[in-house]
A.B. asks: 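Handing you this structure, nothing more for now.
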2 protein chains.
Amino acid sequence: MAVKIRNSCGEQPTGHVDRVKSMMRKLDESLLSHLAPFAGLTRDEIREILDQASTQRFNAGESIFDEGAVAERFFLLLDGYVRVVRITDGGDHVTVLHIPSGQLFGIASALGHTNYPATSIAVSESITLAWPMRLWSDFEARYEGFSTATQRAVGKRMTDMHDRFVEMATQQVEQRVANALLRLINQMGRKTDQGIEVDFPITRQDLSQMTGTTLHTVSRLLSAWEKSGIVESRRKHIVVSRPQELVLKGKPGAQH
Amino acid sequence: MAVKIRNSCGEQPTGHVDRVKSMMRKLDESLLSHLAPFAGLTRDEIREILDQASTQRFNAGESIFDEGAVAERFFLLLDGYVRVVRITDGGDHVTVLHIPSGQLFGIASALGHTNYPATSIAVSESITLAWPMRLWSDFEARYEGFSTATQRAVGKRMTDMHDRFVEMATQQVEQRVANALLRLINQMGRKTDQGIEVDFPITRQDLSQMTGTTLHTVSRLLSAWEKSGIVESRRKHIVVSRPQELVLKGKPGAQH
DNA sequence: CCCGAAGTTTGCGAAATCGCAAAGTGCTGC
DNA sequence: GCAGCACTTTGCGATTTCGCAAACTTCGGG
């Protein structure tokens, strides 16, 4: 095994950039072949799909599309992470959803929409493929399983949303934050020596926007958890060292 | 204009029962022809669809299907109202959604599910049509527009859900309850002399389960609003007499 | 006609969470 | 190497909302 190069505190492993560069050079069929919406398609079909796609790179913090804009394109996240947010009249940001790489997003057509219902922002450097939205119905008609796979994806997001809604309606802040963090490390976590780390830069404010609380309260909770040895955190980094104990915090009736 | 017969306080108008009876007798093509999923289909197609359906009647409070059960059938609500709830480990009930008549529900297949993700309960006497779930893909394939219409319906429920999530994350209880009540009278309201009444029996507890609060708090809010002349309520009945003022209560920064 | 169940109201103290303020800390660019 | 900005921490009082308790009201059934 290669010796790990420790880069200046908290950067993505060097592998990332290389991967990105290679993606930008050529679009390999194998990029898509193992993803649910394209599983089972022939090499030629995938080639066809790739040839119609445009690649794009986004820096962390860059917006990919904005709420209300006409939905001209739909996207596949090849690498990185994307956050979907809604902004209220009062200016509050609420994070509706996180997209890990490999998933479609901005799929307004799958929901019968002509405009994007929310804003998408890259939370770490991200690479996307994008297709003109008019191809959506072609894809559904032409490619076996595409439609089913996207339905399933929509269904999953729907039930996730319900889960979070129920959580918001019934649990208190500590439980909500604990569960949000657990979801993050489950779906977008990276193993480290000290535990599982959220795989993109994340602030207290970000967490508060996912859970409907304030950055202050999140800070207090993380401090408390850090004292109990459940998490370790640095600026924009959160490592969960004892996930099982965090699970307890996420359940109603947990001890304090 | 006919003189309105005032029936014993708060019952459904007599027309309801008659309508129900006539539905039970024969299934008329006109029942479906104006509903989005079936719009534009021929008389014969609708006949075909109706012939495969089974009709069922539910009393208020009766469960139509339960969370987790294998999704054997999908439903169309012909008359009445249905509430979709999730029940937490802690036993809390959270209302995810209300279905007005004319809409499909229990459409797990549209979301790629094999089991119902939530429980459905009739909140007033309700009549449903139901089809075996295996027909879902037939319907999608055979009937022009069915698929699109259901996608749109799913999309609408998705954005509604997002809206409510954002609301839950950012607004305080009074605003949430005000908005919930406004949605109820907009979508399932009935005009009366005193204002707009929620068209099915609804308790403080029900409202609290829609908004993530307690029946006590809802009671206090309704009492206050009643004092200001915004609503009038009797046991299980809520009439909004001044909707515009309720809209103000639903906005952040409203005066008290 | 009365009784019991279900739904509603209200008071009051307790708890959770916020909001504001101020200070600390780490990172980046120059 | 330093300045400035972004992010974080923490204290404390204010506010919202809950939780519990008790009484009241309405309705339907026997």
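Numbered from 1 within each chain, the chains take letters A, B, ... in sequence-line order. Source: prediction; values computed, not measured.
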A.B. asks: Check salt bridge (charged side-chain N to carboxylate O under 4.0 Å, His left out) between A:R204 and all other residues, then give those that pass, not counting sequence neighbours.
C.D. replies: none
A.B. asks: Indicate the ring-plane relationship of A:F75 and A:F105, choosing parallel, tilted or perpendicular according to the 30° and 60° boundaries.
C.D. replies: parallel
A.B. asks: Nearest whole Å is fine: how far is D:dT26 P from B:I238 CD1?
C.D. replies: 16 Å
A.B. asks: Would you tabulate the nitrogen or oxygen pairs shorter than 3.5 Å linking the protein to nucleotides 5-8 of chain D?
C.D. replies:
from	atom 1	to	atom 2	distance (Å)
D:dA6	N3	A:R235	NH2	2.3
D:dC7	O4'	A:R235	NH2	3.1
D:dT8	OP1	A:K236	N	3.3
D:dT8	OP2	A:R204	N	3.0

A.B. asks: For A:R83 and A:D206, run salt bridge (Lys or Arg N to Asp or Glu O under 4.0 Å): C-alpha distance rounded to whole Å, both residues' side-chain angles, the deciding distance at 0.1 Å, then the answer.
C.D. replies: CA-CA 10 Å; A:R83 168 181 303 150; A:D206 293 335; 3.4 Å; yes
A.B. asks: Determine whether the side chains of A:Q187 and A:H98 contain a donor N or O and an acceptor N or O closer than 3.5 Å.
C.D. replies: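 Side-chain D/A pair, A:Q187 to A:H98: absent.
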A.B. asks: In whole angstrom, give the distance that lies between atom CD of A:Q171 and atom C1' of D:dC18.
C.D. replies: 16 Å
A.B. asks: For nucleotides 18-21 of chain C, give me every protein contact, N/O to N/O, under 3.5 Å, one pair per line with atom names.
C.D. replies:
from	atom 1	to	atom 2	distance (Å)
C:dC18	OP1	A:T213	OG1	3.0
C:dC18	OP2	A:T213	OG1	2.7
C:dC18	OP2	A:T217	OG1	2.4
C:dG19	O6	A:R220	NH2	2.9

A.B. asks: Restricting to side-chain hydrogen bond (donor to acceptor under 3.5 Å, both in side chains), what partner residues turn up for A:D92, sequence neighbours left out?
C.D. replies: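 Partners of A:D92 by the side-chain hydrogen bond (donor to acceptor under 3.5 Å, both in side chains) criterion come out as none, since no residue qualifies.
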A.B. asks: Quick one: side chains of residues 160-169 of chain B, donor-acceptor pairs under 3.5 Å with protein atoms, not counting sequence neighbours, listed by atom name and distance.
C.D. replies:
from	atom 1	to	atom 2	distance (Å)
B:D160	OD1	B:K156	NZ	3.3
B:D160	OD2	B:K156	NZ	3.1
B:D163	OD1	A:R86	NH1	2.8
B:D163	OD1	A:R86	NH2	2.8
B:R164	NH1	B:V96	O	2.6
B:R164	NH2	B:T95	O	3.2
B:R164	NH2	B:M210	O	2.9
B:E167	OE1	B:R183	NH1	3.1
B:E167	OE2	B:R183	NH2	3.3

A.B. asks: How are the rings of A:F65 and A:Y116 set relative to one another: parallel (under 30°), tilted (30 to 60°) or perpendicular (over 60°)?
C.D. replies: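 Taking A:Y116 first and then A:F65, their aromatic rings lie parallel (interplane angle under 30°).
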A.B. asks: Take the C1' atoms of the five end pairs on each side of the helix from C:dC1-D:dG30 to C:dC30-D:dG1, derive the two axes, and give their angle rounded to 10 degrees.
C.D. replies: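 That helix gives 40° between its end axes.
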A.B. asks: Distance check needed: C:dT8 P versus B:E232 CD, whole Å only.
C.D. replies: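 For the pair B:E232 CD and C:dT8 P, the rounded distance is 16 Å.
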A.B. asks: Can you name the nearest heavy-atom pair linking A:I185 to A:P243, along with the distance?
C.D. replies: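 Nearest pair, atom of A:I185 first, then A:P243: CD1-CB, 4.5 Å.
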A.B. asks: Any side-chain donor paired with an acceptor under 3.5 Å for B:E226 and B:S233?
C.D. replies: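 Short answer, yes.
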A.B. asks: Between B:T128 (side chain) and B:A130 (backbone), is there a donor-acceptor pair under 3.5 Å?
C.D. replies: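 No, because the side chain of B:T128 does not come within donor-acceptor range (under 3.5 Å) of the backbone of B:A130.
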